[in-house]
Every structure is written in structure tokens, then in C-alpha cells.
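Scroll down for the structure; my scribbles are underneath it.
Just so it is clear, the model here is predicted, and its values are computed rather than measured.
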Amino acid sequence: MQRRSLAISTLLLLAATGRVHASTDINGLFDSRSHALGGSGVAYLDSAGAIPTNPALLDQIGKLTLGLDVFYIRSQPEAPYTIYHVDQATGQPYRTYETIRSKPTGAPLPFIGGAYRLDDRVVLGAAVYPVIGQGAQAEYKPSPDQFPSSIAKVNVAMGLIEAGIPISVRLSDKLSLGVMWRLTYMTQSVSTPLPAKGPPGAVINTATGEVINADIKVTGMNFTGLQLGLFYKPVPSLRLGFSYRGKVTVDGSGTTTTRLGPTPIVLDTQQSYSNPHSFRAGLAWTTLDDKLMLAADLKYLLYAEAFKELGTTTTMAGKAPSTAYTKAYWKDSVSVHVGAEYSFGKAWCARLGYSLVTSATNSDYALSYFAPPGNAHQFLGGVGIKILDSLNMDIAAGYVVLTSKVENATEYNAGAGIYGSHSLEISETLTFHL
């Protein structure tokens with residue numbers, strides 16, 4: 001029984017489940033204006049979307065701002081899986097790596113927030129929003145020659161949700177400071193086949209042909225998150241912004257359940273997920289009588305420090321805890337975000353944007369459940385419409401593509417083959433302001 005416990009924990013090293021993006025940040029999540037402008041915004045947002053982006057920007061609001069954003073993402077990742085075939089001449093099984101494209105999965109990710117000016121220099125806000133929302137579903141035949149009816153099914157879902165309480169203080173006519181306390185909730189749900197060291201690649205009930213899965217469900221909270229921001233406007237046409245988001249590690253607890261015999265095996269399970277230190281700086285410049293705004297952000301995320309190894313600790317009743325690790329050795333991620341906005345009078349404006357994001361995943365350690373290695377390209381556009389004097393609507397849409405070929409299989413990656421992701425993103429924001 002102890003060996004079964006260890007086998008389960010060794011497989012389910014999914015403390016950082018696979019993203020369909022190049023990093024664990026989804027750019028433009030909180031505001032459709034930011035989304036359309038390439039995920040930029042650290043220097044110009046004047047809505048509730050500034051709360052998770054740069055809390056110092058709240059100094060730009062009037063008396064009150066309220067925002068509701070819905071960001072819909074539909075993704076289809078692909079990655080190699082281990083498949084065993086049988087040599088027809090010798091009857092011996094042999095291993096191959098075959099790229100499997102997952103089923104498309106989609107989910108709406110809502111943001112709701114608001115801010116109120118307490119006096120000429122101080123603005124207080126609050127918001128609830130997702131930091132990460134992801135999922136993947138894949139099906140494949142681990143041994144199509146030996147067990148042609150056996151289908152392995154993988155179902156992964158993971159989310160980080162934050163509540164932020166920011167305060168923005170105007171230090172001078174040109175400089176504002178923002179400070180935010182962050183509360184982070186994590187939820188993970190993973191169903192994946194139990195591994196077999198050799199053929200057929202997964203544990204299969206030979207009587208029924210069923211591939212045996214293990215199901216892990218983990219949740220956790222962290223109350224120590226912090227974010228700082230600066231907003232500087234040296235001249236009326238130029239705005240500069242900087243934001244630092246502190247690392248948060250959520251320790252989750254739950255269960256791992258599988259059925260290797262007539263009764264289920266349930267293990268107490270602990271996993272952690274780290275949202276890394278993040279630095280972000282940018283500018284926004286207006287010209288042509290304030291009709292045209294050009295924006296650019298540079299973002300740096302310290303994944304190398306946060307994701308060296310990923311561990312899962314399982315405990316069976318009456319047994320000592322067992323911890324298994326998978327090596328990750330993620331790299332720091334750098335991303336560039338640019339956008340342009342042109343106003344056609346006061347009623348509406350058009351926007352275009354682009355972002356380039358370097359993946360944190362090391363190709364020698366890439367797994368089917370991680371973000372693909374390589375570079376992600378995001379192409380975006382959108383419009384802003386003034387419905388009423390106090391009500392704006394913003395709409396954005398974009399496409400993200402990342403495709404990378406890994407030539408060499410290593411001890412720690414999922415094998416040689418194509419790792420990639422294709423995503424469609426659509427968002428809409430309603431902003432009320434006084």
C-alpha cells in the first residue's frame with residue numbers, strides 16, 4: 001500500500017498545472033482597454049482595472065469609479081505524450097513520443113472592482129479578480145496495439161483568485177504612490193492516469209480495458225500579498241508607471257483519490273503554488289491634440305527563483321508523509337506590450353496592440369501540463385464607446401499563438417515533439433464614473 005501511495009504522489013506533481021500561455025500571467029485580464037492595447041496599462045489606466053495593474057493610477061479617477069470586466073479565453077494546447085507500440089516483426093513493445101492536441105476548453109474570467117476618492121490626495125479601492133484561470137483536457141491511447149480500446153483521459157483545472165484593497169496617495173502634483181494588500185485563494189483539480197514504468201505506459205485494468213486515473217483536489221489561502229505602484233506625470237503629454245507585485249506562495253491541502261482495487265484509496269495531499277515576484281514599467285504618450293495615445297510596457301517575472309522544484313506530499317492513514325518532487329528549473333520571463341489608441345471625437349476610439357512573451361518553461365524540463373517553451377505572440381484590437389457621460393463600454397479581442405519544437409527527449413521532459421498553444425481571447429468592460 002505504501003508503494004501505491006508513492007506511485008500516486010510521484011505522478012501527480014502538478015503543483016503548477018499546465019498553462020496554455022507562455023507564462024502564468026494572462027495579459028489584459030482586468031480591463032478591455034488594456035487588453036486591446038497589447039496588455040499594457042501600467043502608465044495610463046484610469047478605471048478600476050488599475051487596481052491589480054498599478055494601484056497608484058487610481059489617483060487619476062474623479063470621485064468614484066466602478067468597473068465590471070468579463071474576459072473569455074478559449075484555448076487548445078498540444079504536447080507530446082508517451083505512446084507504446086508493438087513491433088510487428090518481433091512482438092516487442094517500443095516507446096514513441098506523439099504530439100496530442102487537447103480538446104478546446106474555455107472559461108469566463110470576471111473582474112469586479114471600484115475606487116472612491118476620500119479627499120484631494122487619497123483614493124481607496126477594492127476588487128476581486130482572477131490572477132490565473134486555466135484548464136486542459138486531453139485524450140490519447142497509451143498502448144493502441146496492445147490495448148486498442150483503452151483511452152487515457154487528462155483533465156486539469158487551476159485557478160488563483162485575489163481580493164485586493166489598494167490605497168493611492170498623491171505625494172506631489174506629479175507623483176502618486178499606491179499600496180495594495182492582496183488575499184489569494186488557490187484551487188486545483190486534476191485527473192490524470194496512474195503511470196506505469198514501462199508498457200503500456202499507464203495502469204490499465206486488463207479485465208475492462210479501463211485506464212485508472214488518480215484525482216487530486218487541493219485548495220488554499222494566503223493573506224500576505226503586497227503590491228506597490230508609482231505614477232509620475234512629468235509633462236501633460238507623458239505618463240510613466242511602475243509596479244512591483246510581491247511573491248505569494250499558497251499552501252494547499254486536499255485529497256488524492258484513486259481506485260486500484262475494490263475500494264478507493266484516499267491520500268491526504270499538500271501542494272503549493274507560487275505566483276512570483278513581478279516588476280512592470282511603462283509609459284503612455286499622447287499627441288495630435290490628445291487624439292492619439294501610444295503605450296508600451298515591459299514586464300519581468302522571477303520564475304527562476306519560484307519554480308526550481310515542485311513537490312507533492314501525500315499521507316496515508318497510519319503511514320508517514322511521503323514527498324515527491326519534479327524538477328522544473330523555470331526561467332525568468334520577459335514580456336513586451338505595445339499599443340495605440342486613436343479617438344474619433346468624444347464618442348468612440350479604436351485600438352490595436354501586440355505583445356511578445358518569453359515562456360518560463362525550460363525545454364529540457366517541459367511537461368505536458370506546463371506552459372510550452374518558446375515565445376508567445378499576441379495580436380489584439382478593440383474599440384471604446386461612450387454610452388453615457390458617466391458610462392463607458394470597451395470591447396477587445398485577440399489571438400495568441402505559441403509553437404515550439406523540442407528535438408531531444410530528456411529524463412525530465414515529456415519527450416521530443418511539438419509543444420504549443422492556440423488561444424482566442426474576448427473581453428468586455430463596463431465602467432461607471434463620477
Kindly write out the residues that satisfy salt bridge (charged side-chain N to carboxylate O under 4.0 Å, His left out) with E210, not counting sequence neighbours, or none if the list is empty. none
Minimal non-hydrogen separation, S274 against A306, with atom names: CB-CB, 4.1 Å
Where do Y303 and D332 come nearest, in terms of heavy atoms and distance? N-OD1, 3.2 Å
Say whether D364 and Y412, considering side chains only, have a donor N or O and an acceptor N or O under 3.5 Å apart. no
Side-chain donor or acceptor of T358 paired with backbone N/O of V334 under 3.5 Å: yes
Is any side-chain heavy atom of L29 closer than 4.5 Å to a side-chain heavy atom of F111? no
Is there side-chain contact between D297 and V336, with at least one heavy-atom pair below 4.5 Å? no
So, T312 and Q271: side-chain donor and acceptor under 3.5 Å apart, yes or no? yes
Could you pull out all residues at least two apart from Y399 that satisfy ring pair (Phe, Tyr, Trp, His ring centres under 6.0 Å)? none
Counting only heavy atoms not in Y116 (residues, nucleotides, ligands), do more than 12 fall under 6.0 Å from its OH? no
Can you check whether F432 reaches L430 side chain to side chain, under 4.5 Å on heavy atoms? no
When you look at W285 and R239, which way does the side chain to side chain contact (heavy atoms under 4.5 Å, CB included) test go after all the steps? CA-CA 6 Å; W285 179 60; R239 288 172 282 180; over 6 Å; no
Side-chain heavy-atom pair R280, L298 within 4.5 angstrom cut-off: no
Residue pairs fulfilling salt bridge (Lys or Arg N to Asp or Glu O under 4.0 Å) with at least one residue in residues 392-414, sequence neighbours excluded: R351-D394
Above 12 or not: heavy atoms from other molecules or residues under 6.0 Å from NZ of K247? yes
For T269 and T256, does a side-chain donor sit closer than 3.5 Å to a side-chain acceptor? yes
Greater than 12 external heavy atoms within 6.0 Å of R95's CZ: no
Please check this pair: side chain of T258 against backbone of N213, looking for a donor-acceptor N/O pair closer than 3.5 Å. yes
Using side chain to side chain contact (heavy atoms under 4.5 Å, CB included) as the criterion, list what pairs up with E428, not counting sequence neighbours. M393, I395
H85-Q92 side chain donor-acceptor pair, cut-off 3.5 Å: no
Run the side chain to side chain contact (heavy atoms under 4.5 Å, CB included) check on S333 and V357 step by step: do they pass? CA-CA 7 Å; S333 174; V357 181; 4.0 Å; yes
Does anything in residues 196-206 form a side-chain hydrogen bond (donor to acceptor under 3.5 Å, both in side chains)? List the pairs, not counting sequence neighbours. none
The test is side chain to side chain contact (heavy atoms under 4.5 Å, CB included); show your working for V211 and I151 and say whether it passes. CA-CA 6 Å; V211 178; I151 299 176; 5.7 Å; no
I'd like to know if the side chain of S243 and the backbone of T53 have a donor-acceptor N/O pair within less than 3.5 Å. yes
The complete set of salt bridge (Lys or Arg N to Asp or Glu O under 4.0 Å) pairs with one or both residues in residues 177-186, sequence neighbours excluded, reads E162-R182
Grab the two heavy atoms, one from L301 and one from S278, that are nearest each other, plus how far apart they are. CG-OG, 4.1 Å
What are the two closest heavy atoms between A56 and G178, and how far apart are they? CB-N, 3.5 Å
How long is the straight-line distance from CZ of F231 back to CG of L57, given to the nearest 0.5 Å? 6.0 Å
Who pairs with Y329 by ring pair (Phe, Tyr, Trp, His ring centres under 6.0 Å), at least two apart in sequence or on another chain? Y365
Could you name each residue pair satisfying side-chain hydrogen bond (donor to acceptor under 3.5 Å, both in side chains) that touches residues 29-45, not counting sequence neighbours? D31-S47, S32-D69, S32-S427, S32-T429, R33-E341, H35-E425, H35-S427, S40-Y44
Exercise: identify the closest heavy-atom pair between P321 and T313: CB-CG2, 3.9 Å
Could you list the residues that satisfy side chain to side chain contact (heavy atoms under 4.5 Å, CB included) with A296, not counting sequence neighbours? V338
Can any side-chain N or O of K217 pair as donor or acceptor with the backbone N or O of S189 at less than 3.5 Å? no
Is there side-chain contact between P144 and I83, with at least one heavy-atom pair below 4.5 Å? yes
Heavy-atom donor-acceptor pair, R121 side chain to R170 backbone, under 3.5 Å: yes
Could I get the full list of ring pair (Phe, Tyr, Trp, His ring centres under 6.0 Å) partners for F30, not counting sequence neighbours? Y129
Salt-bridge criterion met for D59 and R117 (N-O under 4.0 Å): yes
Nearest 0.5 Å, please: how far is CG in L175 from CG in L230? 6.0 Å
Are side-chain N/O atoms of S272 and D251 paired as donor and acceptor at under 3.5 Å? yes
Would you say that P200 contacts P142 through its side chain, given a criterion of any heavy-atom pair below 4.5 Å between the two side chains? no
Is a side-chain donor-acceptor pair under 3.5 Å present for S191 with D215? yes
Contacts of K308 that satisfy salt bridge (charged side-chain N to carboxylate O under 4.0 Å, His left out) - sequence neighbours left out: none
Using only atom types and a distance under 3.5 Å, with no angle test, would you say the side chain of N413 pairs donor to acceptor with the backbone of S363? yes
For residues V131 and I161, determine if any side-chain heavy atom of one lies less than 4.5 Å from a side-chain heavy atom of the other. no
Backbone of V123 reached by a side-chain donor or acceptor of S168 within 3.5 Å: no
Can H337 and N27 be said to form a side chain to side chain contact (heavy atoms under 4.5 Å, CB included), step by step? CA-CA 9 Å; H337 313 266; N27 298 301; 3.2 Å; yes
Enter the distance from S423:OG to Q76:CD here, rounded to the nearest 0.5 Å. 9.5 Å
Listed partners of F379 passing ring pair (Phe, Tyr, Trp, His ring centres under 6.0 Å), at least two apart: Y354
Side-chain donor-acceptor pair present, S355, Q378, cut-off under 3.5 Å: yes
Is the centre of the F223 ring less than 6.0 Å from the centre of the Y185 ring? no
Flag the pair Y232 / K174 as yes when at least one side-chain heavy-atom distance between them is below 4.5 Å, and no otherwise. yes
Point-to-point distance, once rounded to the nearest 0.5 Å, from CE of M186 to CG of N275: 12.0 Å
If you compare all heavy atoms of P372 against all heavy atoms of L402, which two are closest, and at what distance to 0.1 Å? CB-CD2, 3.5 Å
From CG (L160) to OG1 (T184), nearest 0.5 Å: 7.0 Å
